[in-house]
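Since the structure is predicted, the reported quantities are computational estimates derived from the model, not experimental observations. Hydrogens, waters and symmetry mates are skipped; everything else that's a heavy atom, side chains included, is used.
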Amino acid sequence: MEILVASAIGTMTAGGVYLLLRLRTFPVILGLALLSYAVNVFLFSSGRLAIDMSPILSKYGEASYTDPLPQALVLTAIVISFGMTAVLVMISLGAFLEADSDEIDIDETEAEKDVAQ
């Protein structure tokens, strides 16, 4: 189970870095979202991967429980990443509507043509 989660984290991180290096804004936003998902899964797995264990102590006094702190951290990170993604989408939409292009890196010749118009 641990090798599956570790490979999923590695795959999401590699995909996120690949998408961050694109020249359009939408893939960059998707890359940031993939990286945040990878961090969330990493934080969640740091609390020990366990099946059928309660996140708090049970009333019968069993000593087996999972750590609730990583679960709270992941919940907070999900909310923050959703807000960050919404802000990035609005910024990129505004840049697209103003420049009529969603390219991140604009050549100097294209910038000069835009100024001349």
For the student: nearest non-hydrogen atoms of S46 and L43, plus distance: OG-O, 2.6 Å
Check: residues 24-42 side-chain donor-acceptor pairs under 3.5 Å, at least two apart:
| unit_1 | atom_1 | unit_2 | atom_2 | d |
| --- | --- | --- | --- | --- |
| R24 | NH1 | D102 | OD1 | 2.7 |
| S36 | OG | A33 | O | 2.7 |
| N40 | ND2 | S36 | O | 3.4 |

Applying a strict under-4.5 Å side-chain criterion to I, L, V, M, F, W and Y, I'd like to know whether V89 and F82 cluster together. no
Starting from M84, can I reach I78 by hopping between I/L/V/M/F/W/Y residues whose side chains sit under 4.5 Å apart? no
Taking atom CD1 of I9 and atom CG of L4, what is their separation to the nearest 0.5 Å? 10.0 Å
From Q71 atom CD to L69 atom CG, the distance as rounded to the nearest 0.5 Å: 9.5 Å
Hey, is CD1 on I3 packed in by over 12 heavy atoms from elsewhere, all under 6.0 Å? no
